[in-house]
Amino acid sequence: MRKWTIPSVLFLLCLLFLFPDQGRRIQANAEAESDAPVDPPKVEEKFGAVPHGLSTDSDVVKRESESMSRKTLRADAEKFEFQAEVSRLMDIIINSLYSNKDIFLRELISNASDALDKIRFLSLTDKEVLGEGDNTKLEIQIKLDKEKKILSIRDRGIGMTKEDLIKNLGTIAKSGTSAFVEKMQTSGDLNLIGQFGVGFYSVYLVADYVEVISKHNDDKQYVWESKADGAFAISEDVWNEPLGRGTEIRLHLRDEAGEYLDEYKLKDLVKKYSEFINFPINLWASKEVEKEVPVDEDESSDEEETSETSSSEEGDEDDSEKPEDEKKPKTKKVKETTYEWELLNDVKAIWLRNPKEVTEEEYTKFYHSLAKDFSDEKPLAWSHFNAEGDVEFKAVLFVPPKAPQDLYESYYNSKKSNLKLYVRRVFISDEFDELLPKYLSFLMGLVDSDTLPLNVSREMLQQHSSLKTIKKKLIRKALDMIRKIADEDPDESNDKDKKDVEESSADNEKKGQYTKFWNEFGKSVKLGIIEDATNRNRLAKLLRFETSKSDGKLTSLDQYISRMKAGQKDIFYITGASKEQLEKSPFLERLTKKNYEVIFFTDPVDEYLMQYLMDYEDNKFQNVSKEGLKLGKDSKAKELKESFKELTKWWKGALVSDNVDDVKISNRLADTPCVVVTSKYGWSANMERIMQSQTLSDASKQAYMRGKRVLEINPRHPIIKELRERVIKDPEDESVKQTAQLMYQTALLESGFLLNDPKDFASRIYSSVKSSLNVSPDAAVEEEEDIEEPEAETDDKEAAAKDDSDAKDEL
């Protein structure tokens, strides 16, 4: 029989305080089977990695018990007020009618993972930062206390100093709050809270009091606490066991949040949201096991009496006659509740697996975990590949279903990257924006390289020879992935192909996918053409636009070329503010009659785009609003030029002060008398309008780039014919000069230009109207008769007299 020593008894009593359920079980077992061996409790059964000597301190146990049951701020703590933006944010979260309370666990696990990533990164260059013992276990632990309604989440990450607690939990970037509030106002959905850096505050969806206990290597252990009432408190932690390093968050759950004390509920949430977190997530879970225990002497004697009675009645042989080895001690089976750490995310890192073995559902889950986007939308596409050769790496890239709101707001100034860098399965950073060019920064994913050094820094990465190779392969795979979206979209196939192939259910699912991509990220493709000369042709294949023949659908350059007329060498396009405006443009009149297709570019960035996209598949681009338009030979071109030579020469002289370089016979007009075109390498009317709207644009540069303007006239139009006759008859006729000037200004407006002197144009219009109404040019506007108003002094006297009269009447 085993004898219990005094130290053993003391140790057991301490465990009763720390873990009541566990302690009662151990105590019951000790009384029931004093001879049975008792395993000493494991250190990892507690959150704090502390020496055994500390765990037997009854004062520490008492203080911890008091702390775990409190819901009031510590009296001796230093009090702080929340930043105004934080209070506003918390009010929205707490009072939201559309909140998905489940997200709080996802956000806390994500923050814990970030803290573990940071300490692991520091340990690459300094092994001592990890410490020793349990602190070297980089994991996330979740515990429940159903009796006190407390949910605790612990990590052994980098931890927070007192200053970090104030900065990280008491203040927040105003831009993040504003963006989140804006999103809430439009959708009322908290599901994307993690994207705005305000995820921690989701704890107040389920808790009315929160404690954050944290220990950083460079500071003491502190407790941050708040009841979400506009204030928080911080104090040096003398209540809880030392953490060693890391952070423990204790949520004192609201009564209506009792469901989060259910182990099965937490397991489902971790599987749903945090399955692909790159660190073990362990839950202190209960488990019922059957165990054989010796039968008590009383029970044993009762059984023996029963056994003897039945034996004598049935005439069985006596036990004494049985062999010695058949005599076994009496035992019974009992159910016992035990607790142990249960691993919840045993899924292997998805990028290390064979792409053929990963299901579509797993890719979708991994994307949601990576992007912190837990909406129901799937990524538009993904690419999972292994690169071999001089540089070996694995990568997974995703095309998100929607563009971030600020994707283009700070395009050139932002250092943000959506690509995580791993080196030999060790997370390094997500701040390396050199792995993908700016125009592909919307892609989500990760890269795990075996060739980069573990202690890589931004400076080393920029100079490392492997970077260019990795970047080159990533760009190629990214563009192939985007191209695949278009190739698999039934709407992108030619009409001939559609007639021959019946649409399947898979086709219906993919229908319109590339249109969706283009509406979200089309501007990025255009910026890529401007910035990436190497991949310009690849990117040009991804361009989509509406045309004069597309009937509202998007068209590619390849489709445009397939519909070009015989003998057509140029790709015709026009730029403007909207498709509706361009469809009525006079520049399209002759092109439409001759059945040429014209591309409509309506995005302001298109003007910059076409300065870099000079040709495609040996076909040059031609802006139909500029000089150089060729529409075949006109048999009467020479004859018309000679016939109108006197008019064009006279008109050019009359417009010399308006910066008109030339007046020519037009080959692009059908119903309009004249238009104004720009020189081939100067700004178009649309570009000029865009530049004039720039607040900080250089006026001198504008004057240089504006270039010369050319007035093109329609020799078949009756107005032009009559004007020619008038000029031949009397070139000095003032009315003819007025008419010519008015027609030029009208052509400027119709061609998309802004008038330098709108008042002069209005005066000419009014003069023309007078003439058409036979109103004399010298007729004056009728003068208005002035009515003299009484002096203010007289009015005052009359008012005073009236008041005196009223007073007398009252008396």
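Everything quoted here is computed from the prediction, not taken from an experiment.
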Evaluate the side-chain proximity of Pro400 to Phe442: yes if any heavy-atom separation is below 4.5 Å, no if none is.
-> yes
With sequence neighbours excluded, what pairs up with Tyr260 under the ring-ring contact (aromatic ring centres under 6.0 Å, His included) test?
-> Phe104
Begin with the C-alpha distance, continue with both residues' side-chain angles, and end with the deciding distance and a verdict on side chain to side chain donor-acceptor pair (under 3.5 Å) for Arg106 and Asn111.
-> CA-CA 9 Å; Arg106 176 192 84 201; Asn111 291 344; over 6 Å; no
So how far is it from Leu144 CG to Leu283 CG, rounded to the nearest 0.5 Å?
-> 6.0 Å
Using atom types as modelled and distance alone, determine if a side-chain donor or acceptor of Ser235 lies under 3.5 Å from a backbone N or O of Ala77.
-> no
Sorted by chain and number, sequence neighbours left out, side-chain hydrogen bond (donor to acceptor under 3.5 Å, both in side chains) with Glu259 holds for Lys265
Atom CG of Asp117 and atom CD1 of Ile277: how far apart are they, to the nearest 0.5 Å?
-> 8.5 Å
Only counting residues at least two apart or in another chain, list the ones meeting side chain to side chain contact (heavy atoms under 4.5 Å, CB included) with Glu361.
-> Thr359, Lys365
Do any N or O atoms from the side chain of Arg156 and from the backbone of Leu116 form a donor-acceptor pair under 3.5 angstrom?
-> no
Begin with the C-alpha distance, continue with both residues' side-chain angles, and end with the deciding distance and a verdict on side chain to side chain contact (heavy atoms under 4.5 Å, CB included) for Asp237 and Lys220.
-> CA-CA 8 Å; Asp237 187 14; Lys220 300 176 182 178; over 6 Å; no
Over 60° means perpendicular and under 30° means parallel, so classify the ring planes of Phe366 and Phe398, tilted if in between.
-> tilted
ring-ring contact (aromatic ring centres under 6.0 Å, His included) with Tyr422: which residues, sequence neighbours excluded?
-> Trp351, Phe427
With sequence neighbours left out, write down each residue that passes side-chain hydrogen bond (donor to acceptor under 3.5 Å, both in side chains) with Lys267, or none if nothing qualifies.
-> Glu342
Counting distance only, does the side-chain N/O of Asp155 pair as donor-acceptor with the main-chain N or O of Ile140 below 3.5 Å?
-> no
Heavy-atom check, side chain of Lys420 versus side chain of Leu370, under 4.5 Å | yes
Expected output: side-chain Arg250 to main-chain Leu151 donor-acceptor under 3.5 Å = no
By salt bridge (charged side-chain N to carboxylate O under 4.0 Å, His left out), Lys79 pairs with (sequence neighbours left out) none
Do the side chains of Lys402 and Glu377 get nearer than 4.5 Å, heavy atoms only?
-> yes
In short, Ser214 meets Met160 closest at the heavy-atom pair OG-N, 2.7 Å
Give, for atom NZ of Lys287 and atom CD of Glu336, the distance between the pair rounded to the nearest 0.5 Å.
-> 12.5 Å
Less than 4.0 Å between a side-chain N and a carboxylate O, is that true for Glu357 and Arg353?
-> no
Heavy-atom side-chain contact between Thr247 and Arg154 under 4.5 Å = no
From CA spacing to verdict: side chain to side chain contact (heavy atoms under 4.5 Å, CB included), Glu107, Phe200 = CA-CA 6 Å; Glu107 297 303 324; Phe200 168 77; over 6 Å; no
Test ring-ring contact (aromatic ring centres under 6.0 Å, His included) applied to Phe232 - qualifying residues, sequence neighbours left out | Phe80, Phe82, Trp224
For residues Tyr204 and Val210, determine if any side-chain heavy atom of one lies less than 4.5 Å from a side-chain heavy atom of the other.
-> yes
What pairs with His368 under ring-ring contact (aromatic ring centres under 6.0 Å, His included), at least two apart in sequence or on another chain?
-> none
Between Leu108 and Ile249, the two heavy atoms sitting closest are CD2-CD1, 3.8 Å
Pair Ile234-Val223, side chain to side chain contact (heavy atoms under 4.5 Å, CB included): steps then yes or no = CA-CA 6 Å; Ile234 296 179; Val223 177; over 6 Å; no
By side-chain hydrogen bond (donor to acceptor under 3.5 Å, both in side chains), which residues pair with Asp255, not counting sequence neighbours?
-> Lys149
Would a distance-only check, ignoring hydrogens and angles, find a side-chain to backbone donor-acceptor pair under 3.5 Å from Ser123 to Arg120?
-> yes
Flag the pair Leu165 / Val212 as yes when at least one side-chain heavy-atom distance between them is below 4.5 Å, and no otherwise.
-> yes
When you look at Ile109 and Leu105, which way does the side chain to side chain contact (heavy atoms under 4.5 Å, CB included) test go after all the steps?
-> CA-CA 6 Å; Ile109 290 176; Leu105 186 64; 3.9 Å; yes
Any side-chain heavy atom of Leu443 within less than 4.5 Å of one from Leu419?
-> no
Check the side chains of His216 and Gln221 for a donor-acceptor pair under 3.5 angstrom, ignoring hydrogens and angles.
-> no
CD (Glu256) with more than 12 external heavy atoms under 6.0 Å = yes
Mind checking whether Phe279 and Glu139 have side chains closer than 4.5 Å, heavy atoms only?
-> no
Set of side chain to side chain contact (heavy atoms under 4.5 Å, CB included) partners for Thr136, sequence neighbours left out = Leu130
Kindly compute the distance separating CD (Glu340) from CG (Asn282), expressed to the nearest 0.5 Å.
-> 10.5 Å
Rounded to the nearest 0.5 Å, the CG atom of Leu397 sits from the OH atom of Tyr367 at a distance of 12.5 Å
Drop me the distance from Lys271's NZ to Ile281's CD1, to the nearest 0.5 angstrom.
-> 12.0 Å
Less than 4.0 Å between a side-chain N and a carboxylate O, is that true for Lys378 and Glu360?
-> yes
Pair Ser286-Glu263, side-chain donor/acceptor within less than 3.5 Å | yes
For Asp76, side chain to side chain contact (heavy atoms under 4.5 Å, CB included) partners two or more places apart = Arg74
Applying side-chain hydrogen bond (donor to acceptor under 3.5 Å, both in side chains) to Lys162 and not counting sequence neighbours gives Glu78
